[in-house]
Each structure stands twice: as C-alpha cells, then as structure tokens.
Amino acid sequence: QVQLVESGGGSVQAGGTLRLSCAASGRDFRTYCMGWFRQAPGKEREAVARMDGGGGHLLYADSMKGRFIISRDNAKNTLYLEMSSLQPSDTAMYYCAAEFVGWYVGPCGPATQYRYAGQGTQVTVSS
C-alpha cells in the first residue's frame, strides 16, 4: 500500500507556471506506475501524465504536451509535475496516483485508473 500527499498548487495568472509535488510513503516506490490526473467542477476526471517505475515511458494527454513535464525522484519517493503556459482551462483539482506493477518496465495505463490517489491540490488559473 502507498499513501500519497500532493502539494504545490495555488493561484496563478494565465501564462504562469507551477510545480506540483507528490510525496509517497510506503515501500518500493519504484514498483509503482505513477501519474497525475485532474478534475474540474462538474467534469469527469482527466488523465494528465504518467510514467513507469524507472522514470521512463512518459505519456501525456494531447493538451498537455509541450506544457507539462512529469518526473520522479525515486530516491526521495517523490513525483513531480512541472506546468507551464497555464491557461484558465487548466483550473482543476490535481491528483497524484499510483498503481502497483512490480518491476514492470513499459507504458503505463492512464492515471485515472490507478488504485491509489492522494487528496489533491487545487490549481486555479485566472485570465
């Protein structure tokens, strides 16, 4: 089992940047696919980005490509999401998520389907 705690959300103006962090507790962080998803009020969950346990096979939603960067530091049990060129449409609660895959190396499924998720951190982008 893994516990996830997000941080780094806030309010920014359009065009701004934010860096989200997700601290994971538990064992063997490397054995989890990790990712981010978001949910805006009245909308369905939307996958943002994900990566495998070794930090490879990065995958992004089309609207995030070139603006968001997902990364992880396995030594610190931490996942990151660097967001730039933020737009009001990026306003949402952002969640960190984890799925146990063992020592699998390869593409991971969308983070909306992962078993574990944190409580979220709010990102608000004003025009």
Side-chain angles (χ1 to χ4, degrees):
Q1 190 171 359
V2 62
Q3 290 79 44
L4 306 170
V5 179
E6 302 93 338
S7 61
S11 297
V12 296
Q13 291 189 328
T17 63
L18 279 175
R19 188 190 196 203
L20 307 183
S21 298
C22 171
S25 61
R27 298 174 60 183
D28 299 326
F29 183 62
R30 289 176 179 269
T31 59
Y32 290 83
C33 283
M34 297 295 299
W36 296 90
F37 66 89
R38 68 187 186 184
Q39 189 166 24
K43 295 187 177 181
E44 294 185 354
R45 291 183 174 185
E46 179 183 20
V48 172
R50 69 262 199 188
M51 64 195 319
D52 70 15
H57 296 92
L58 282 64
L59 293 170
Y60 298 90
D62 287 343
S63 62
M64 289 77 167
K65 289 179 180 177
R67 299 191 302 124
F68 291 9
I69 299 174
I70 186 173
S71 62
R72 65 192 292 166
D73 185 337
N74 285 341
K76 296 182 178 179
N77 283 14
T78 303
L79 180 74
Y80 303 98
L81 184 68
E82 186 82 25
M83 305 185 294
S84 60
S85 301
L86 284 163
Q87 299 300 316
S89 57
D90 294 315
T91 295
M93 187 73 81
Y94 283 72
Y95 298 87
C96 167
E99 181 72 16
F100 177 77
V101 293
W103 300 107
Y104 166 79
V105 176
C108 297
T112 50
Q113 299 175 1
Y114 293 1
R115 179 174 182 179
Y116 303 102
Q119 294 300 307
T121 186
Q122 178 68 37
V123 172
T124 302
V125 185
S126 58
S127 58

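We count residues from 1, following the sequence as given.
If you chain together ILVMFWY residues whose side-chain heavy atoms come under 4.5 Å of each other, Tyr104 ends up grouped with Val101.
Of the possible polar contacts, one joining the Asp73 side chain to the Ala75 backbone as a donor-acceptor pair under 3.5 Å is found. At distances below 3.5 Å, not a single donor-acceptor pair connects side-chain atoms of Gln39 with backbone N or O atoms of Met93. Side-chain N or O atoms of Asp52 include one that pairs as donor or acceptor with a backbone N or O of Gly55 at under 3.5 Å. For Thr78 (side chain) and Lys76 (main-chain N/O), a donor-acceptor pair under 3.5 Å exists by modelled atom type.
Across all non-hydrogen atoms, the minimal contact from Val2 to Ser25 is CG2-O, 3.1 Å.
Residues forming a ring-ring contact (aromatic ring centres under 6.0 Å, His included) with Phe100 (at least two apart in sequence, or on another chain): Tyr32.
Counting only heavy atoms from C-beta outward, the side chains of Phe37 and Arg50 never approach each other to under 4.5 Å. By the 4.5 Å heavy-atom criterion applied to side chains, Leu86 and Leu18 are counted as neighbours. Inter-residue side-chain proximity for Arg67 and Asp90 is flagged as met; some heavy-atom pair is nearer than 4.5 Å. Residues Ile69 and Tyr60 form a side-chain contact, since some pair of their non-hydrogen atoms from C-beta on lies under 4.5 Å apart. Residues Ile70 and Leu79 are in side-chain contact: their nearest non-hydrogen atoms beyond the backbone lie under 4.5 Å apart.
Distance CE/Met64 to CE/Met83: 9.5 Å, rounded to 0.5 Å. Atom CG of Leu81 is separated from atom CZ of Arg38 by 9.5 Å, given to the nearest 0.5 angstrom. Taking CZ of Phe68 as the reference point, atom OG of Ser84 lies at 7.5 Å (rounded to 0.5 Å). Atom-to-atom distance recorded for Lys65:NZ and Leu58:CG is 11.5 Å, nearest 0.5 angstrom. Interatomic distance, OG of Ser7 versus CG of Leu20, reported as 8.0 Å (0.5 Å rounding). From Tyr94, atom OH reaches atom CH2 of Trp36 across 10.5 Å, with rounding to the nearest 0.5 Å.
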Could you give the side-chain donor-acceptor pairs of residues 106-127 under 3.5 Å, partners two or more places apart or in another chain?
residue: Tyr114; atom: OH; partner: Gly109; partner atom: O; Å: 2.6
residue: Thr121; atom: OG1; partner: Gly9; partner atom: N; Å: 3.1
residue: Gln122; atom: NE2; partner: Ala92; partner atom: O; Å: 3.4
residue: Gln122; atom: NE2; partner: Thr124; partner atom: OG1; Å: 3.4
residue: Ser126; atom: OG; partner: Val12; partner atom: O; Å: 3.4

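A cation-pi contact links Arg72 to Phe29, judged by a cut-off of 6.0 Å to the six-membered ring centre and 45° from its axis. In this structure, Arg19 satisfies the cation-pi test against Tyr80, with its NZ or CZ atom closer than 6.0 Å to the six-membered ring centre and inside 45 degrees of the ring normal.
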